[in-house]
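If you're wondering where the values come from, they're calculated on a predicted model, not measured in any experiment. All chains are named by letter (A, B, ...) in the order of the sequence lines, taking the proteins before the strands, and each is independently numbered beginning at 1.
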There are 2 protein chains.
Amino acid sequence: MNGDERAILERYLRSRGLKMTQARETVLTAFLGLESHVSADAIYEAAKRLDPGIGQATVFRTVKLLADAGLAREACRDDGARRYEHAYNHAHHDHLTCVECGAIVEFVDADIERAQEAVYRRYGFASSGHRLELYGLCPDCAPFDEP
Amino acid sequence: MNGDERAILERYLRSRGLKMTQARETVLTAFLGLESHVSADAIYEAAKRLDPGIGQATVFRTVKLLADAGLAREACRDDGARRYEHAYNHAHHDHLTCVECGAIVEFVDADIERAQEAVYRRYGFASSGHRLELYGLCPDCAPFDEP
DNA sequence: CCCGTATTGATGATGATTATCGATACGGCT
DNA sequence: AGCCGTATCGATAATCATCATCAATACGGG
Ligand SMILES: [Mn+2]
Ligand SMILES: [Mn+2]
Ligand SMILES: [Zn+2]
Ligand SMILES: [Zn+2]
């Protein structure tokens, strides 16, 4: 399972004359060991646990490579920092976020996707992706329940 | 027309014990004179034309007040900088952006809005707003036309 | 094992936004 | 109109995430 991602990264690097290095493998392992929606800095912290000598710049650079290789994807940039999520075996989805506690629900809605395609057609655009974030209050954070 | 916004800002400030000052009026006028999707820095440039002595920090502070007062709204933060658009008499809409030339189409799609409400209900969330950005190639930037 | 080249990590530079702070402008009150 | 406590201003330093630079080092094909 885990080797899949490593192989994908290596193939990607090779195809561009880049090298599979110790540092890059460390960053990949660190990223794969974290759950969704992590900042580059969180990956840096995890990577330092695997190799205390790794540099922050290397992590930023490598995370970008992971994204180019299709292993990571920019999930959101809500606060100040970008957050990444796994992209391998993790299909496209949108996010429903609680503005109170930060809980995140990942969802895919066929009606929304379909309606978006209609918008593209209406304006003669060729689709190249979209970003949808729904904000609201989750059941736990709602002021009170309706009977 | 223009006095409306001034009155709204003044009422908002008054309700919080804040003051309607010369600088704030200058920023408001500068903002109203610009078209949609402007950065705080663009507003600063416009404000300097009205009052060369105005400070950048004041513009950042005031734009945030305009947003709180419901006169401005954060439209997107795609690159590095936030961009604002008029919010008074400018109802909610989403954006379709050309990744090649940057052209922006503002649209509202009833099907999408309806399907979003269904998602909120499905997960028991109370809606508090959303952000949808569609990316693609506009007709002018498409590689070639289909017959 | 060698060598040219890609990579690394420390550090300085960015750019956007925010915090600080002494000086100044508001505006309710007399 | 003049006073005065407080909100605001503008200049400047500080953050924060991310990037660029660069000398030292690690890769990996031959
Ligand atoms: Mn996600
Ligand atoms: Mn808009
Ligand atoms: Zn919640
Ligand atoms: Zn275009």
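- One cannot find a donor-acceptor pair under 3.5 Å joining the base of C:dG27 and the side-chain atoms of B:Arg14.
- Taking the ring centre of A:Tyr44 as origin, the terminal cationic atom of A:Lys48 falls inside the region bounded by 6.0 Å and 45° from the ring axis.
- Distance B:Asp41 CG to C:dT14 P: 16 Å, rounded to the nearest Å.
- The distance between atom CD of B:Gln56 and atom P of C:dT17, rounded to the nearest whole Å, is 9 Å.
- Nearest-nucleotide assignment on DNA chain C puts the 5′-proximal partner with A:Gly55, out of B:Ala40 and A:Gly55.
- Spacing between atom CD of B:Gln22 and atom P of C:dC26 amounts to 7 Å, rounded to whole angstrom units.
- For C:dT8, one of the phosphate oxygens OP1 or OP2 lies less than 4.0 angstrom from a side-chain nitrogen or oxygen of A:Thr21.
- Between B:Arg24 and D:dT8 there is a side-chain N or O to OP1 or OP2 distance below 4.0 Å.
- Looking at B:Arg24 and B:Leu13, their side chains come closer than 4.5 Å, going by heavy atoms from C-beta outward.
- What separates CD of B:Glu10 from P of C:dC26 is a distance of 13 Å, to the nearest Å.
- One atom, CD of A:Glu25, and another, C1' of D:dC27, lie 14 Å apart when rounded to the nearest Å.
- With a 6.0 Å radius and a threshold of 12 heavy atoms from other residues, nucleotides or ligands, A:Glu45 has its CD atom above the threshold.
- For D:dT18, the OP1/OP2 oxygens have no side-chain nitrogen or oxygen of A:Lys64 closer than 4.0 Å.
- In this structure, A:His37 contributes its side chain and A:Glu35 its backbone to no donor-acceptor pair below 3.5 Å.
- B:Arg61 has no side-chain polar atom (N or O) that falls below the 4.0 Å cut-off from OP1 or OP2 of C:dT18.
- Side-chain proximity of A:Ala23 to the nucleotides D:dC27, D:dG28, C:dG9 is greatest for C:dG9.
- Between the CG atom of A:Leu18 and the C1' atom of C:dA6 there is a distance of 8 Å, given to the nearest Å.
- Closest to the side chain of A:Lys19, out of D:dC27, C:dT18, C:dT8, is D:dC27.
- Within the 4.5 Å cutoff, side-chain heavy atoms of B:Leu65 are placed close to those of B:Tyr12.
- We find that CZ of B:Phe60 is positioned 16 Å from C1' of D:dC9, with the value rounded to whole Å.
- Here C:dT8 presents its P atom at 10 Å from CG of A:Leu13, a figure rounded to the nearest Å.
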